[in-house]
Amino acid sequence: MPLLDLDFYLKNKFWLGLFALIVSVLAWSVELSGLVYICPYCRVQRTVIGLLGVVLMSPLTKHWLGQFFAIVIGFFGAVVAANQHFMGWKKISAGSFSFKENLAIDPFILSGLAMIFILFQLFIISRSTAD
């Protein structure tokens, strides 16, 4: 199954980057259209996902400066996502947690997915080498 093969993602990092950029643009357009509330955590996460997507689509993944840039912004985005996600866990521990009525905009779910995707993008960038 190619989706579980790391080489699949390394060979198709341009398409992974394009997917990330499309996700970022769609997420920004949903906020800018007023369909969701303004969230500074979400803004950071969607911006970082888009920037890492641009890095994946470019030759920057093969140069140490591009990889370093990706690590810096990716770490920032992952920390913001982890902080937002932890706030959900804090509410769970306090007994006051509840999912949003619309799960597609639930910050607990979205921050967890953003954290996973940002770290996955960083992993692919860090595994990219000069051919």
For the student: nearest non-hydrogen atoms of G88 and F97, plus distance: O-CD1, 3.7 Å
Flag if over 12 foreign heavy atoms under 6.0 Å of CZ, F8: yes
Single-linkage hydrophobic cluster, 4.5 Å side-chain cutoff, I124 and V23 together: yes
Full working for side chain to side chain contact (heavy atoms under 4.5 Å, CB included) between L16 and N12: CA-CA 6 Å; L16 179 64; N12 294 293; over 6 Å; no
Check: P107 and K100 side chains under 4.5 Å, non-hydrogen atoms: yes
Co-membership, hydrophobic cluster, residues L6 and L122, 4.5 Å side-chain: yes
Approximate separation, where rounding is to 0.5 Å, of H85 NE2 and I116 CD1: 7.5 Å
Any donor-acceptor pair under 3.5 Å from D106 side chain to I109 backbone: yes
Ring pair (Phe, Tyr, Trp, His ring centres under 6.0 Å) evaluation trace for Y9 with F120: CA-CA 10 Å; Y9 296 102; F120 181 70; 5.1 Å; yes
Closest approach of A78 to M115 (non-hydrogen atoms, all atoms of both residues): O-CG, 4.3 Å
Donor-acceptor contact below 3.5 Å, side chain Q84 vs main chain V80: no
Donor-acceptor contact present, side-chain Q67 to main-chain S128, <3.5 Å: yes
Check: W89 ring centroid to F108 ring centroid under 6.0 Å: yes
Which pairs of donor and acceptor atoms, one on a side chain in residues 52-61, lie under 3.5 Å apart (sequence neighbours left out)?
from, atom 1, to, atom 2, distance (Å)
S58, OG, V54, O, 3.4
S58, OG, V55, O, 3.0
S58, OG, L60, N, 3.2
T61, OG1, K13, NZ, 3.4

Single-linkage hydrophobic cluster, 4.5 Å side-chain cutoff, L119 and F86 together: no
Distance in Å, S98 OG paired with I92 CD1, rounded so as to fall on 0.5 Å steps: 10.5 Å
Closest heavy-atom pair and its distance - Q45, A81: NE2-CA, 3.7 Å
Interatomic distance, I118 atom CD1 to L113 atom CG [nearest 0.5 angstrom]: 11.0 Å
Gap separating the CD1 atom of I125 from the CG atom of L10, nearest 0.5 angstrom: 11.0 Å
Pair F117-F19, side chain to side chain contact (heavy atoms under 4.5 Å, CB included): steps then yes or no: CA-CA 11 Å; F117 192 55; F19 173 75; 3.9 Å; yes
ILVMFWY network linking F69 to F123, side-chain heavy atoms under 4.5 angstrom: yes
Atom pair OG/CG of S24 and L51 - distance to nearest 0.5 Å: 7.5 Å
Taking every non-hydrogen atom, the tightest pair across E31 and C39: OE1-N, 4.4 Å
Crowding at CZ, R43 (>12 non-hydrogen neighbours, <6.0 Å): yes
L21 with I49, same ILVMFWY side-chain cluster at under 4.5 Å: no
Side-chain heavy-atom pair C42, W28 within 4.5 angstrom cut-off: no
Parallel, tilted or perpendicular, as decided by the 30° and 60° cut-offs, for the rings of W64 and F68: tilted
